[in-house]
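Note that the structure is a prediction, hence the values are computed from the model and not measured.
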Amino acid sequence: MVSDQGPIVQSALLRTELVRLRKEKKLTQEQVARQLEWSPSKLIRVEGGKNAITRTDLQALLTVYDVTSEGRQERLQALARGAREPAWWNAYRGDLDPNFLAYVGYSAGAAYIRQFHGTVVPGLIQTPEYAEVLSTGKVSEQARVLAAKLRIQRQQEFAKRQNPPRQHYIIDEAVIRRHVGIGTDPAIMPAQLNHIADVCERDDLVTVRVIPFSTGAHLGLEGPFSLLEFDGDLDDVLYLEGRSGASVMILGEDDRVAEYRETFELLLDQALPADESVAMMRQAAETLMN
């Protein structure tokens, strides 16, 4: 079965299952490497995602782990093939923050995306014009163009997925009141708000809720964050967004993942219902146009 989860997620799913199979057999990396006449570092690199695994090497591992089911073998080989596929975001390597590109790779294969942002519209629901204005101020013209291009390409790649992810966003009211683009085209922000409202009304997979100013202080003021969930046996990913080079991606069973899941639920309690949020965005767009 062809997966549309992208190479990073397929690699992570494969590595997770290989580690579990080894531990179920109560084997250390050194013992497995010895059986296969590999160097221990080779298996460490495979399990750590540093090296892709060939069909032959994967079959050898599955033999050691007594995986005899043809269906299971083929599923794991399919993940390995997917993991070896080139990633579309590789075109941006060397120009954009590698932490952000890794997050892009994980989000490309996510089944559920939750995100809070207190200052700007989340990238996956930005219009091209809004994205371009936000990219102003990058260190170079090339970086500015690429940052805006990446935001829109992410949306286009999501649209190609057979099973698009659910997307649930919470934004602060400040996001919809700030007149982004007023210096170049005052219509950019109203169009952006109406775009979000349109998306929410036509796509059941996308929800945007607004935390009104009347709420006062809330936990989201500590900074933007994203939580990614996946189909299959893969831990959630937490991405804490900062300026270039300052963002942090947290994988595995880190306590902060559970902490931010709880934070998101608390923020939902403080946000307006979905229909009232859409109405607020429509009203804000109208106000900005006048």
Side-chain angles (χ1 to χ4, degrees), residues 4-9 87-92 96-97 99-135 144-172 174-176 178 180-181 188-189 191-211 220 223-231 236-242 244 247 249 260-261 264 267-268 271 274 277-278 281 285:
D4 61 1
Q5 293 174 296
I8 283 186
V9 170
W88 62 261
W89 52 89
N90 283 344
Y92 300 88
L96 300 179
D97 184 348
N99 276 336
F100 178 65
L101 290 180
Y103 164 70
V104 168
Y106 274 102
S107 65
Y112 184 27
I113 297 173
R114 285 170 288 179
Q115 186 176 107
F116 168 82
H117 219 298
T119 54
V120 298
V121 171
L124 286 170
I125 50 175
Q126 290 177 6
T127 62
E129 295 78 13
Y130 184 96
E132 188 168 345
V133 171
L134 282 192
S135 301
R144 185 190 68 76
V145 170
L146 287 175
K149 181 181 175 183
L150 174 63
R151 287 186 170 99
I152 301 309
Q153 186 170 1
R154 286 184 71 198
Q155 298 176 21
Q156 294 168 340
E157 297 294 337
F158 267 59
K160 296 177 185 174
R161 289 183 60 180
Q162 290 182 329
N163 297 300
R166 287 191 294 140
Q167 300 171 57
H168 202 152
Y169 303 105
I170 305 174
I171 55 178
D172 190 271
V175 174
I176 69 173
R178 184 176 299 280
V180 171
I188 288 175
M189 191 62 194
Q192 171 65 78
L193 294 173
N194 282 321
H195 170 73
I196 299 173
D198 291 344
V199 169
C200 291
E201 289 175 343
R202 72 167 179 262
D203 191 343
D204 292 338
L205 293 175
V206 180
T207 303
V208 180
R209 293 177 59 182
V210 179
I211 298 180
F225 66 92
S226 301
L227 287 160
L228 306 177
E229 287 186 21
F230 305 90
D231 290 332
D236 291 359
V237 168
L238 168 65
Y239 181 72
L240 303 176
E241 185 177 333
S244 181
S247 298
M249 192 163 63
Y260 274 86
R261 281 197 211 102
F264 193 85
L267 292 173
L268 280 178
S277 296
V278 168
M281 286 185 276

**Student:** With a sphere of 6.0 Å drawn around CD of Glu132, does it hold more than 12 non-hydrogen atoms of other residues, nucleotides or ligands?
**Tutor:**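 Result for CD/Glu132: open.
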
**Student:** Are side-chain heavy atoms of Tyr112 and Leu228 found at a separation under 4.5 Å?
**Tutor:**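 No, their side chains stay 4.5 Å or more apart.
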
**Student:** Asp4 side chain to Gln162 main-chain N or O, any donor-acceptor pair under 3.5 Å?
**Tutor:**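 Yes: the side chain of Asp4 pairs with the backbone of Gln162.
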
**Student:** Taking only Lys NZ, Arg NE, NH1 and NH2, and the carboxylate oxygens of Asp or Glu, determine whether Glu157 and Arg154 approach each other closer than 4.0 Å.
**Tutor:**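 No, this pair does not count.
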
**Student:** Sub-3.5 Å donor-acceptor pair from the side chain of Gln155 to the main-chain atoms of Gly123, do we have one?
**Tutor:**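 Between the backbone of Gly123 and the side chain of Gln155 there is a qualifying donor-acceptor contact (under 3.5 Å).
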
**Student:** Between Gln167 and Val206 (side chain of the first, backbone of the second, donor and acceptor by atom type, cut-off under 3.5 Å), is there such a pair?
**Tutor:**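 No; judged by distance alone, with no hydrogens or angles, the pair does not exist.
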
**Student:** Out of the candidates Leu205, Ile113, Asp203, Thr207, only one should pair with Arg166 under the side-chain contact (heavy atoms from CB on, under 4.5 Å) rule; please name it.
**Tutor:**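 Of the listed residues Leu205, Ile113, Asp203, Thr207, the side-chain contact (heavy atoms from CB on, under 4.5 Å) partner of Arg166 is Leu205.
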
**Student:** So which heavy atom on Val180 is nearest to which on Leu134, and how close?
**Tutor:**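 Smallest interatomic distance, heavy atoms only, reads CG1-CD2, 4.5 Å.
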
**Student:** Once the angle between the rings of Trp88 and Tyr92 is folded into 0 to 90°, is it parallel (under 30°), tilted (30 to 60°) or perpendicular (over 60°)?
**Tutor:**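 Perpendicular.
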
**Student:** Treating Ser135 as the side-chain partner and Ala148 as the backbone partner, does any N or O pair qualify as donor plus acceptor under 3.5 Å?
**Tutor:**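 Yes, Ser135 side chain to Ala148 backbone: donor-acceptor pair under 3.5 Å.
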
**Student:** If you look at every heavy atom in Phe116 and Asp172, which pair is closest and at what distance?
**Tutor:**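 Looking at all heavy atoms of both residues, the shortest contact is CE1-N, 4.1 Å.
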
**Student:** Looking at Arg161 and Ala108, would you say the former's side chain and the latter's main chain have a donor-acceptor pair under 3.5 Å?
**Tutor:**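 Yes, the answer is positive, given that a donor and an acceptor are paired below the 3.5 Å cut-off.
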
**Student:** Indicate yes or no for a side-chain donor-acceptor contact from Tyr260 to the backbone of Leu238 under 3.5 Å, with no hydrogens or angles considered.
**Tutor:**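 Checking the backbone N and O of Leu238 against the side chain of Tyr260, no donor-acceptor pair under 3.5 Å is found.
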
**Student:** Quick one: does any side-chain atom of Ser226 pair with a main-chain N or O of Gln115 as donor and acceptor, under 3.5 Å?
**Tutor:**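 Absent.
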
**Student:** If you define the side chain from C-beta out and look only at heavy atoms, does anything of Leu124 sit under 4.5 Å from Tyr169?
**Tutor:**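 The answer is yes; the side chains approach within 4.5 Å.
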
**Student:** For Pro7 and Ala87, work out which heavy atoms get closest and say how close.
**Tutor:**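 The pair with the smallest heavy-atom distance is CG-CB, 3.6 Å.
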
**Student:** Look only at the side chain of Gln192 and the backbone of Ile176, and say whether a donor-acceptor pair between them is shorter than 3.5 Å.
**Tutor:**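 Not at all, since once roles are kept as given, no pair shorter than 3.5 Å links the two residues.
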
**Student:** Which heavy-atom pair separates Gly109 from Val9 by the least distance, and what is that distance?
**Tutor:**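 Heavy atoms of Gly109 and Val9 come nearest at CA-CG2, 3.7 Å.
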
**Student:** Which atom names give the shortest non-hydrogen contact between Leu240 and Phe225, and what distance separates them?
**Tutor:**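 It is CD2-CB, 3.7 Å.
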
**Student:** List the residues meeting ring pair (Phe, Tyr, Trp, His ring centres under 6.0 Å) with His168, not counting sequence neighbours, and say none if there are none.
**Tutor:**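 Counting only residues at least two positions away or on another chain, His168 forms a ring pair (Phe, Tyr, Trp, His ring centres under 6.0 Å) with Phe264.
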
**Student:** Of all the heavy-atom pairs spanning Phe158 and Pro164, show the shortest one and how long it is.
**Tutor:**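 Between these two residues, the closest heavy atoms are O-CB, 4.4 Å.
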
